[in-house]
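For reference, the structure is listed below as structure tokens.
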Amino acid sequence: MDTKEQILDLYYNQHLKQNEIAKIIGKSCPYISKVVKADNRNKQEKETRKKANAENRKVYLQEYFKTYDRPKKDDNSYEQMLAQQKQDAMELSYNNNTLSDYALAKWSSIYHTNSKGNLVIDRKLKVGSDIPKSINMNIKVPTQKYKNRYVYSY
């Protein structure tokens, strides 16, 4: 049997891949490809293999998604909202006699931003001496770590 005939037999009758044929025959993959493309059955075989691969892929994906278990993401947005509500209630509580500048600015509409990025009270408003006239927003935003920083008492 001729080498070319053997290549065509392995490709069309035994349905082996070109790289598998190259290992069996001991020739290069480009040579195997050249022999296969020269044959007039090539287009039909390509279509047949393409359809078979599509069907195999469809079956594989059906089985895969039947057994695939997506990891559940923890949605803790409700707990975060409750914690924020608790923090805000504590800042605005009547039992708490102190209120940070940041909390005051957050919960009131008397401040506006000036050209430097700081919060300032409109000059037309009359406020008590315990209300800061301006709040420097170029410092770190108060967090739990800086909770009692820049606190004014009522």
Side-chain angles (χ1 to χ4, degrees), residues 1-93 95-96 98-122 132-151:
M1 184 181 264
D2 183 345
T3 306
K4 290 183 181 181
E5 291 174 8
Q6 188 179 5
I7 291 170
L8 295 175
D9 178 57
L10 291 171
Y11 186 76
Y12 292 113
N13 297 332
Q14 296 183 23
H15 305 288
L16 295 178
K17 296 178 182 177
Q18 291 181 8
N19 60 351
E20 294 170 341
I21 296 170
K23 289 178 184 174
I24 293 171
I25 303 292
K27 300 282 185 177
S28 67
C29 286
Y31 177 75
I32 304 297
S33 176
K34 182 179 177 182
V35 171
V36 169
K37 283 183 181 178
D39 193 68
N40 56 4
R41 298 175 284 181
N42 187 28
K43 285 185 182 179
Q44 183 182 0
E45 183 68 18
K46 266 183 148 179
E47 286 298 318
T48 305
R49 289 184 183 213
K50 187 176 180 180
K51 287 178 183 176
N53 285 338
E55 186 61 33
N56 289 342
R57 177 86 174 144
K58 183 179 174 182
V59 169
Y60 168 78
L61 287 175
Q62 286 174 347
E63 289 300 315
Y64 176 77
F65 285 115
K66 281 181 188 175
T67 60
Y68 181 69
D69 185 27
R70 286 184 176 79
K72 304 278 190 270
K73 291 184 179 178
D74 293 335
D75 183 18
N76 61 351
S77 58
Y78 182 71
E79 289 80 11
Q80 287 176 346
M81 185 216 36
L82 289 177
Q84 183 65 46
Q85 184 182 22
K86 184 178 179 181
Q87 177 68 28
D88 293 344
M90 186 186 77
E91 288 177 353
L92 297 173
S93 174
N95 297 331
N96 185 3
T98 59
L99 187 67
S100 69
D101 294 349
Y102 181 74
L104 179 66
K106 186 168 108 176
W107 287 100
S108 66
S109 59
I110 61 173
Y111 289 95
H112 68 275
T113 307
N114 68 4
S115 61
K116 295 180 183 176
N118 296 324
L119 296 175
V120 293
I121 292 181
D122 190 356
K133 307 300 185 261
S134 68
I135 300 173
N136 184 357
M137 294 306 287
N138 296 321
I139 60 169
K140 290 184 178 180
V141 174
T143 60
Q144 293 294 343
K145 185 175 178 184
Y146 303 105
K147 184 175 171 184
N148 295 319
R149 190 172 178 191
Y150 302 106
V151 172

- [ ] Find the distance between NZ (Lys58) and CG (Asn53) and round it off to the nearest 0.5 Å.
- [x] 14.5 Å
TODO: Report the relative orientation of the aromatic rings in Tyr68 and Phe65; use parallel for angles under 30°, tilted for 30 to 60°, perpendicular for over 60°.
DONE: perpendicular
Task: Distance (rounded to the nearest 0.5 Å) between Ile24 CD1 and Ile7 CD1 - done: 10.5 Å
Task: Spacing of CG belonging to Leu82 relative to NZ belonging to Lys86, to within rounding of 0.5 Å - done: 10.0 Å
- [ ] Please assess Asn13 against Asp9 for the test side-chain hydrogen bond (donor to acceptor under 3.5 Å, both in side chains), listing each intermediate value before the final yes or no.
- [x] CA-CA 5 Å; Asn13 297 332; Asp9 178 57; 2.6 Å; yes
Open item on the list: Does the structure place the NZ or CZ of Arg41 under 6.0 Å from the centre of the six-membered ring of Tyr11, at an angle of no more than 45° from the ring's axis?
Closed with: no
- [ ] Considering only NZ, NE, NH1 and NH2 on the basic side and carboxylate oxygens on the acidic side, decide whether Lys66 and Glu63 come within less than 4.0 Å.
- [x] yes
Task: side-chain contact (heavy atoms from CB on, under 4.5 Å) partners of Asn76, counting only residues at least two apart - done: Glu79, Gln80
TODO: Look up atom OG1 in Thr3 and atom CD1 in Ile32, then write down how far apart they are to the nearest 0.5 Å.
DONE: 9.0 Å
Open item on the list: With side-chain hydrogen bond (donor to acceptor under 3.5 Å, both in side chains) as the rule and sequence neighbours excluded, what pairs involving residues 15-37 come up?
Closed with: His15-Glu45
TODO: Measure the spacing between CG of Asn118 and OG1 of Thr113 and express it to the nearest 0.5 Å.
DONE: 8.5 Å
Task: Val36 versus Leu8, closest heavy-atom pair with distance - done: CA-CD2, 4.3 Å
TODO: Output, in order, the C-alpha distance, side-chain angles, deciding distance and verdict of side-chain contact (heavy atoms from CB on, under 4.5 Å) for Tyr111 and Val120.
DONE: CA-CA 5 Å; Tyr111 289 95; Val120 293; 5.7 Å; no
